[in-house]
Colleague: 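Before I ask anything, here is the structure I am working with.
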Amino acid sequence: MPNPIQYSVVVPVYNSTDSLIELSDRLETVFKETLKASYEVIFVDDASPNPETWPTLQKLQQLPRNISIVQLTRNFGKPGAVLCGFSQVQGKFVVMMDDDLQHFPEDIPHLAQKKNHDIVIGHFKKKEHGWAKRVTSDMKGWLDSVLLGKPKHVSNGAFVLLKREVVDAVLKLQVAYPYISALLFFVSKDVVNVDVRHGKRTYGKTGYTLGKLVGQFLNFIINNSSLLLRGVAVVGMLFSTMSIVLGIYYFVRSFFQVVNVPGWTSMIVVMLFSTGLILFALGVIGEYLIRIINGIENRPSYIVRHKRTSNYDK
Ligand code: UDP
Ligand code: MG
């Protein structure tokens with residue numbers, strides 16, 4: 001029997017090449033020399049369009065290290081890739097980190113110091129992101145608390161160390177539009193932060209286009225709460241109340257004043273406005289319906305094309 005694996009590192013990969021080699025080398029040093037613990041790495045290629053990504057992973061897999069590689073059939077997005085990685089882990093603890101070295105492998109021992117907690121989240125002291133990303137992530141942080149019940153005292157992040165039990169519980173949750181943090185906070189509130197560094201992206205560029213970010217945000221807000229639906233209902237009620245009051249006012253006024261010019265403009269403005277509101281509300285309801293239908297269909301959040309598990313025994 002080989003040693004049981006202590007740590008599993010799950011890395012969703014999108015378009016990276018050189019950073020993967022450096023990441024693998026630095027992980028080897030960290031686990032061999034600093035933590036002195038057995039580990040495995042699971043790289044999940046989220047169907048990167050870059051033709052060099054998969055061959056790079058194949059080469060890494062040949063090294064005398066415990067590296068497994070998986071390729072998805074198409075681009076499922078980061079949550080799908082992460083869940084796929086989770087389904088492969090063997091370790092007692094699971095680290096989730098990005099492929100672009102913005103998360104430092106050398107910080108894993110710091111996360112591991114608090115491994116008696118269910119969820120240890122790396123907190124970036126100084127964010128090396130553009131201002132637009134910072135504003136959206138601040139907004140998301142606030143929403144994380146309001147919508148997901150994220151404990152207020154911690155900040156969310158993508159560099160995380162988890163107990164294996166948490167990962168196993170997450171895998172049991174069947175959701176159509178997964179959002180990793182939502183799943184984690186659903187499973188446990190035993191969450192702590194550890195300060196870590198956040199590197200600039202020196203290799204490649206972000207895999208998140210504006211479209212992907214908006215899509216992720218919609219998943220987040222629609223699938224994790226009925227906030228939007230309720231918001232629409234409140235706005236709709238406000239406007240319909242206002243229209244009724246205005247209608248009464250004009251009706252009463254017509255008894256006391258002779259109206260020479262029929263109020264075409266105001267009519268049309270009110271009509272367009274209310275039609276717009278109704279359509280907007282219908283759109284939102286439609287969006288929910290689509291998601292309910294997809295949920296009932298029970299589609300997987302990822303599909304595997306190739307998989308090579310390591311046969312390297314420590
Ligand atoms: N990622 C992915 N699928 C995608 C886009 C990104 O698996 O469609 C992964 C990517 O490989 C990386 C992580 O998500 O490990 C974060 O991506 P990125 O560095 O592009 O985002 P940022 O750091 O700008 O938030
Ligand atoms: Mg990044």
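Both counts, for ligands and for their atoms, begin at 1 and track the order of listing. Along the sequence shown, the residues carry numbers beginning at 1.
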Colleague: Which of the numbered atoms in ligand 1 are below 4.0 angstrom from a heavy atom of Val13?
Modeller: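 Going through ligand 1 atom by atom, the ones under 4.0 Å from Val13 are 11 (O).
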Colleague: Flag the pair Gln71 / Arg308 as yes when at least one side-chain heavy-atom distance between them is below 4.5 Å, and no otherwise.
Modeller: no
Colleague: Any carboxylate oxygen within less than 4.0 angstrom of a Lys/Arg side-chain nitrogen, looking at Asp25 and Arg65?
Modeller: yes
Colleague: Out of Asp100, Val11, Asp98, who gets a non-hydrogen atom closest to atom 16 (C) of ligand 1?
Modeller: Asp98
Colleague: Below 4.0 angstrom from a heavy atom of Asn75, which ligand 1 atoms are there? Numbered from 1 as shown, please.
Modeller: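 Those of ligand 1 that fall under 4.0 Å from Asn75 are 3 (N), 4 (C), 8 (O).
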Colleague: How large, to 10°, is the angle at the Mg ion (ligand 2) when you draw lines to OE1 on Gln102 and to OD2 on Asp100?
Modeller: 90°
Colleague: Decide whether Ser310 and Asn66 meet the rule of one side-chain donor and one side-chain acceptor closer than 3.5 Å.
Modeller: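 There is such a pair (donor and acceptor under 3.5 Å, judged by atom type) between the side chains of Ser310 and Asn66.
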Colleague: Relative to ligand 1, is Arg201 under 4.0 angstrom through side chain, backbone, both or neither, heavy atoms considered?
Modeller: side chain
Colleague: What do the steps show when you test Gln6 against Phe31 for side chain to side chain contact (heavy atoms under 4.5 Å, CB included), and what is the final call?
Modeller: CA-CA 10 Å; Gln6 280 286 318; Phe31 283 104; over 6 Å; no
Colleague: Quick check on contacts: which atoms of ligand 1 are under 4.0 angstrom from a heavy atom of Pro12?
Modeller: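 Contacts of ligand 1 toward Pro12, numbered from 1: 7 (O), 10 (C), 11 (O), 12 (C), 15 (O).
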Colleague: Does a side chain donor of either Asp45 or Thr53 reach within less than 3.5 Å of an acceptor in the other side chain?
Modeller: no
Colleague: Should you measure from each heavy atom of Thr206, which atoms of ligand 1 turn up under 4.0 Å away?
Modeller: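 Reading through ligand 1 atom by atom, the close ones are 18 (P), 20 (O), 21 (O), 22 (P), 24 (O).
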